[in-house]
Amino acid sequence: MARPFEKLPAGAKNHLESMAANGLLSESAAATALGMPLDQFRRVIAEHKPSKEIWDNALAVERDQLLAALYARAMEGDTKANQTLLAVRHGLTEKQPKGASERVSVVFNLPQALDPAEYVKAIQVEQERLPDGN
């Protein structure tokens with residue numbers, strides 16, 4: 001049995017970034033292209049920090065390519081692309097605005113109902129007479 005991989009093979013950075021630029025990046029495709037079993041590829045990018053950075057950079061290249069394509073479609077007037085770009089870049093959705101996730105709750109405590117005679121007494125205002133008699 002061959003020795004397990006401890007890090008990505010030489011040239012992996014260029015190869016993965018090239019795959020990402022062409023939209024072909026996935027864990028299984030990357031592992032196959034680098035001649036690694038998928039389980040070892042996943043272990044290496046999880047445990048070996050420089051290999052994880054190479055993988056993260058390749059993902060960033062792919063993300064940039066996809067955002068550029070989405071932006072181009074949005075600028076051509078594609079409303080779905082506009083909505084998606086707003087959601088991705090700024091966290092906006094049609095369903096519920098993002099922001100503070102705490103909801104505001106307002107409670108009104110109303111007094112107990114009064115019988116009609118007490119109500120009339122409560123709302124009746126007595127006018128004070130002025131000292132000159134008016």
CG (Leu59) and CD1 (Ile54) are apart, to the nearest 0.5 Å, by 12.0 Å
If you compare all heavy atoms of Gln40 against all heavy atoms of Pro4, which two are closest, and at what distance to 0.1 Å? OE1-CA, 3.4 Å
Whether the side chain of Ser18 engages the backbone of Asn14 through a donor-acceptor N/O pair (distance < 3.5 Å, no angle test) should be reported. no
Measuring only between side-chain heavy atoms, which start at C-beta, is Glu27 closer than 4.5 Å to Ile45? yes
Is any side-chain heavy atom of Arg89 less than 4.5 Å from a side-chain heavy atom of Leu67? yes
Nearest 0.5 angstrom please: Asp78 CG to Tyr71 OH, how far? 14.0 Å
Contact between Lys7 and Pro50 at the side-chain level, heavy atoms closer than 4.5 Å - yes or no? no
Between Asn22 (side chain only) and Leu24 (backbone N and O only), is there a donor and an acceptor less than 3.5 Å apart? no
For residues 8-47, which residue pairs qualify under ring pair (Phe, Tyr, Trp, His ring centres under 6.0 Å), counting only residues two or more places apart or in two chains? Phe41-Trp55
Output the distance between atom CD (Glu62) and atom CD (Glu17), rounded to the nearest 0.5 Å. 12.0 Å
Hydrophobic cluster mates of Leu114, side-chain heavy atoms under 4.5 angstrom, ILVMFWY only, any path? Tyr119, Ile123
Going by heavy atoms in the side chains, are Ser26 and Met19 under 4.5 Å from each other? no
Is there a continuous path of hydrophobic side-chain contacts, each under 4.5 Å between heavy atoms, that joins Val88 to Met75? yes
So how far is it from Leu38 CG to Arg42 CZ, rounded to the nearest 0.5 Å? 4.0 Å
Please report the interatomic distance CG(Asn57) to CG(Leu16), rounded to the nearest 0.5 Å. 10.0 Å
Under the salt bridge (Lys or Arg N to Asp or Glu O under 4.0 Å) rule, what do Lys52 and Asp56 come out as? Steps first, then yes or no, please. CA-CA 6 Å; Lys52 179 164 179 40; Asp56 289 343; 3.5 Å; yes
Asp115 CG to Lys121 NZ distance, which is reported to the nearest 0.5 Å: 9.0 Å
Taking the side chain as C-beta and beyond, is there a heavy-atom pair between Leu66 and Arg63 under 4.5 Å? no
Please find the pair of heavy atoms, one from Pro37 and one from Phe5, that lie closest to each other, and give the distance. CD-CE1, 4.0 Å
Specify the closest pair of heavy atoms between Ala20 and Gln65, including all atoms of both residues, with the distance to one decimal. O-CG, 4.2 Å
If I compare all heavy atoms of Leu8 with all of Ser51, which pair ends up nearest, and what's the gap? N-OG, 3.1 Å
Check whether Arg73 reaches the backbone of Asn82 with its side chain - one donor and one acceptor, N or O, closer than 3.5 Å. no
